[in-house]
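The structure appears below as structure tokens.
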Amino acid sequence: MRYSQMFLPTLKEIPSDAEVISHQLMLRAGMIRKLTSGVYSYLPMGYRVIRKVEQIIREEMNRAGAQEIFMPTVQPAELWKESGRWNFYGKELLRFRDRKDSECCLGPTHEEVVTDIVRNGVKSYRQLPQNLYQIQTKFRDEIRPRFGLMRCREFSMKDAYSFDIDTVNADLSYQKMFAAYNRIFERCGLKFRPVEADTGSIGGSYSHEFLVIADSGEDGMAYCEGCGYAANLEKAEIARPEEQAVDVSSFLTREEIHTPEVRTIEEVCAFLQVRPENVIKTLVFSADGVPVAVLVRGDEEVNEIKVKNYLGCDILEMAMDDMIQAAAGSPRGFVGPIGIKCRTLADYSLMNLTNMVVGANREDYHLKNVNFERDFKVAAFADLRVVRESDPCPRCAGGIHFARGVEVGHVFKLGTKYSKAMKAIYLDKNGKEQYMVMGCYGIGVGRTVAACVEQYHDDNGIIWPLAIAPFQVIITPVNMNDQDLAAAAENLYADLSSQGVEVILDDRDERAGVKFKDADLIGIPLRVTIGPKNLAAGNVEIKNRKSGEINILSVEEVKKFILGAIRQL
RNA sequence: CGGGGCGUAGCGCAGCUUGGUAGCGCGCCUGCUUUGGGAGCAGGAUGUCGCAGGUUCAAAUCCUGCCGCCCCGACCA
């Protein structure tokens with residue numbers, strides 16, 4: 001493609017509403033333009049990258065035995081009512097009515113539709129397993145879209161759905177997809193890590209997220225170099241500590257202390273001259289409307305997802321004041337475990353601790369020298385807190401590290417959640433009805449591209465991995481008015497193009513500096529610079545965008561070099 | 001939904017306090033010069049000042065309502 005004819009509106013200045021680097025660079029490099037909040041157009045340069053990622057996904061999904069389909073964006077409410085998600089899925093589900101006043105929605109995901117297709121098309125165990133996927137536009141009416149393509153409302157997503165006869169086979173399907181995902185992100189040239197994750201509202205029993213390592217990522221992960229354990233921060237487990245023999249003789253006499261207006265852990269510590277590690281934080285939650293007290297050490301944070309999963313409840317939220325008052329008999333800030341009228345759980349961090357400070361369940365009072373068993377009991381000790389980087393690995397007890405990442409893929413074992421709700425049934429060998437066991441597997445295409453920019457850029461712009469670069473090579477004659485340079489550039493351009501290389505000829509009548517800046521900004525991996533000095537000796541210069549390495553080669557050698565690099569893909 | 005900020009040329013911004021009929025830089029167009037890291041000079045085009053009301057002789061500026069966008073939080077595959 002000739003640069004002079006391309007629609008490639010680059011920007012010198014950073015658009016003021018772009019916060020993260022990928023958003024800024026994708027706007028500046030003329031890849032995307034915003035239409036409205038969280039909704040973007042892909043311009044030629046951006047769409048080429050999107051299509052490359054899609055193609056890699058397509059090839060790997062096909063290789064893994066999945067079959068491509070294409071499902072509708074507009075979906076009828078009745079299917080969603082059948083699965084139970086019409087009421088469950090919040091405002092993220094964009095609902096509307098058609099001219100006949102029928103309720104519809106824009107698909108944020110396609111479990112309902114695909115399950116409907118498969119239950120109608122599959123009747124026998126002989127027809128299983130099946131794995132169907134599509135690459136399609138999703139719409140999720142996010143509360144707060146942000147960061148360009150990182151969190152959009154409308155976005156391209158690859159979603160695959162597997163159907164198996166039982167959980168053993170479903171596990172195999174899951175593993176196949178897991179392996180395919182690893183290959184996909186490897187081929188895209190990304191540094192990423194699969195991590196154990198919570199299943200959230202999609203449901204199911206088990207899942208992994210694929211996080212692309214980037215400091216600007218919205219997700220945190222904890223991982224262990226030793227054994228390979230890796231989990232989303234909200235999921236990362238903490239091992240149960242060793243229980244130590246209790247030395248009852250060390251228990252001090254419990255005291256009630258007047259602590260007026262002293263509510264927070266900081267205030268308690270300052271007032272009583274103790275450290276947060278000596279205070280028990282008591283939080284009251286409403287679990288499906290029932291109060292539950294959760295105890296954690298004063299310097300730790302409760303992980304609500306762990307609490308929710310432990311309790312197995314649908315809705316967990318911080319209790320309102322009236323519920324706290326009813327359970328504890330005191331207002332927020334003075335709640336403690338002794339005599340509280342609700343189920344009480346304690347985090348592992350409290351094991352083996354003695355002579356603690358707690359709320360007295362009496363306004364303006366705290367208790368000192370409180371001990372387990374002697375003063376109160378809890379229903380259970382459990383892993384309920386947010387992990388810290390200083391915690392040991394839950395598997396091998398080695399050290400763990402934290403990193404941030406962008407969630408680009410998520411694989412779930414769904415079990416029979418949807419097949420039961422929607423009666424996706426087959427007949428087994430014995431002619432007996434069975435529910436299909438499902439899995440679902442998503443990749444955010446645009447987000448993968450954005451994550452790639454987050455990972456690969458420098459002060460001058462984007463640095464595309466060769467595999468997903470919009471073009472592989474840019475030829476930059478330093479002066480188009482020099483007939484020799486122009487001719488050499490044209491020849492090389494024609495030659496490489498005819499051999500299938502994706503190449504831009506920067507035939508603009510611009511100064512070399514402008515061309516170099518644009519080439520760097522749009523991130524083309526290989527740049528061939530044709531200048532008078534080198535050309536006089538029959539040579540051109542090839543520069544690697546990523547390494548900055550420059551080689552002066554003959555025209556023939558440069559062709560070989562480029563074809564060699566591309567063949568390695 | 002709570003808090004904060006913004007809306008003036010394609011992009012980045014000034015002007016608003018104290019009302020007088022819109023400006024700067026970049027980009028764009030023309031010409032000349034220049035030509036290996038965002039050139040110089042000269043000339044030029046481009047605006048429903050987010051929208052709608054109101055006040056006023058006069059509104060980008062003051063008042064009211066609305067819309068949109070961004071950030072933080074809440075929330076969320």
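Order of the sequence lines sets the chain letters (A, B, ...), proteins ahead of strands, with each chain counted from 1. It should be emphasised that the depicted structure is a prediction, and the values quoted were computed from it without experimental measurement.
- Pair assignment for rG65(B): rC51(B), on the basis of Watson-Crick or G-U wobble contacts that are both within less than 3.5 Å.
- Between Tyr89(A) atom OH and rC75(B) atom C1' the separation is 13 Å, expressed in whole Å.
- Between Glu454(A) and Arg447(A) there is no salt bridge, since no side-chain N of the basic residue sits under 4.0 Å from a carboxylate O of the acidic one.
- Less than 4.0 Å separates RNA chain B from no heavy atom of any residue of residues 451-459 of chain A.
- Here rC70(B) presents its P atom at 15 Å from CE of Met150(A), a figure rounded to the nearest Å.
- When each of Tyr133(A), Tyr174(A), Tyr441(A) is paired with Ser162(A), the side chain to side chain contact (heavy atoms under 4.5 Å, CB included) condition holds for Tyr441(A) and for no other.
- Cation-pi contact between Arg527(A) and Phe516(A): present, with separation from the ring centre below 6.0 Å and deviation from the ring axis of at most 45°.
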*Please walk me through it: do Glu154(A) and Lys138(A) pass salt bridge (Lys or Arg N to Asp or Glu O under 4.0 Å)?*
CA-CA 6 Å; Glu154(A) 183 174 313; Lys138(A) 299 282 184 284; over 6 Å; no
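- At whole-Å resolution of the value, CG in Asp17(A) and P in rG10(B) are 15 Å apart.
- The base of rC76(B) sits within donor-acceptor range of the side chain of Arg151(A), with an N or O pair under 3.5 Å.
- Spacing between rG65(B) and rU30(B) at atom C1', rounded to whole Å, works out to 47 Å.
- Both the sub-6.0 Å distance and the 45° axial angle are not jointly satisfied by Arg95(A) relative to the ring of Trp80(A).
- Atom CD of Glu234(A) and atom P of rC76(B) are 10 Å apart (whole Å).
- Nucleotide rG36(B): unpaired (no Watson-Crick or G-U wobble partner with both distances less than 3.5 Å).
- Across the P atoms, rC41(B) and rC16(B) are found 30 Å apart, a figure rounded to whole Å.
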*Spell out protein contact along nucleotides 32-44 of chain B as letters: B when the base is contacted, S when just the sugar-phosphate is, - when no protein heavy atom is under 4.0 Å; keep the 5' to 3' order.*
--BBBBBB-----
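- For the pair Arg33(A) and Tyr40(A), the NZ or CZ position fails the cation-pi test of under 6.0 Å to the six-membered ring centre and within 45 degrees of the ring normal.
- Here the separation of rC69(B) from rG36(B), taken at their C1' atoms, is 41 Å to the nearest Å.
- Applying the 6.0 Å contact sphere to NZ of Lys81(A) captures more than 12 heavy atoms from other residues, nucleotides or ligands.
- Each of Leu526(A), Thr476(A), Ile550(A) was evaluated against Lys543(A); a single residue qualifies, Ile550(A), per the side chain to side chain contact (heavy atoms under 4.5 Å, CB included) test.
- Taking the C1' atom of each, rC11(B) and rG19(B) are spaced 30 Å apart, rounded to whole Å.
- Between Thr36(A) and Val408(A), the residue whose closest nucleotide on RNA chain B is further toward the 5' end is Thr36(A).
- Of the P atoms belonging to rG5(B) and rG43(B), the separation is 43 Å, rounded to the nearest Å.
- Side-chain nitrogen and oxygen atoms of Ser37(A) include at least one within less than 4.0 Å of the OP1 or OP2 phosphate oxygen of rC70(B).
- For Arg33(A) and rG10(B), the shortest distance from a side-chain N or O to OP1 or OP2 is not below 4.0 Å.
- Atom CD of Glu142(A) is separated from atom P of rC76(B) by 11 Å (rounded to the nearest Å).
- The residues Lys281(A) and Glu300(A) are annotated as not salt-bridged, no charged nitrogen and carboxylate oxygen being separated by less than 4.0 angstrom.
- Between Leu316(A) atom CG and rC75(B) atom C1' there is a gap of 14 Å when expressed in whole angstrom units.
- Using C1' as the reference atom, rU21(B) and rG25(B) are 24 Å apart when rounded to the nearest Å.
- A salt bridge is absent between Asp219(A) and Arg404(A): the closest approach of a Lys/Arg side-chain nitrogen to an acidic carboxylate oxygen does not fall below 4.0 angstrom.
- Among the heavy atoms of the strands lying under 4.0 Å from Phe155(A) is at least one base atom, whether or not backbone atoms are also near.
- Base pairing of rA42(B) is made with rU30(B), judged by Watson-Crick or G-U wobble geometry with both donor-acceptor distances under 3.5 Å.
- If you measure from atom CZ of Arg146(A) to atom C1' of rC70(B), you get 12 Å, rounded to the nearest angstrom.
- When heavy atoms are screened at a 4.0 angstrom cut-off, Met318(A) is found touching no nucleic acid atom at all.
- Taking the P atom of each, rA9(B) and rG4(B) are spaced 27 Å apart, rounded to whole Å.
- Mapped onto RNA chain B by nearest heavy atom, Arg144(A) and Lys34(A) fall at different nucleotides, with Lys34(A) at the one closer to the 5' end.
- As rounded to whole Å, 10 Å separates atom P of rC75(B) from atom CD1 of Ile305(A).
- Remark: the separation of the C1' atoms in rG40(B) and rU46(B) is 24 Å, to the nearest Å.
- Here the rule is side chain to side chain contact (heavy atoms under 4.5 Å, CB included) with Val453(A), and of Leu149(A), Leu25(A), Val20(A) only Leu25(A) fits it.
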